[in-house]
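Remarks on the structure that follows.
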Amino acid sequence: MKGYVKDKSIVLVDALPEDIQEGDEVEVVVTLITKRKYPFPTFKLGVKEDYVNRDKIYESD
């Protein structure tokens, strides 16, 4: 079931199931869904430590 936060309340997008009555005890789990920053897939680029080591870069042969 999905919803969104408005002020300090959670607004449900879907209707509650019919078998849930007023006064029933329920457990709610909140999971943050992060939006994609870009409309296309991205990946992290890594840099090896050897490539940023100044001594190794400017080492004389």
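Pairing each heavy atom of P17 with each of M1, the nearest pair is CD-CE, 3.8 Å.
Applying the under-4.5 Å side-chain rule to Ile, Leu, Val, Met, Phe, Trp and Tyr, the cluster around I33 consists of that residue alone. F40 forms part of a hydrophobic cluster together with Y38, judged by ILVMFWY side-chain heavy-atom separations under 4.5 Å.
By the side chain to side chain contact (heavy atoms under 4.5 Å, CB included) test, V11 is found to be paired with Y4, K6, residues two or more places apart in sequence or in another chain being considered. For D24, the side chain to side chain contact (heavy atoms under 4.5 Å, CB included) criterion is met by I20, Q21, not counting sequence neighbours.
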Review point. Between L12 and K2, is a side-chain contact (heavy atoms from CB on, under 4.5 Å) present by the stated rule, with each step listed?
Key: CA-CA 6 Å; L12 298 177; K2 292 185 179 183; over 6 Å; no
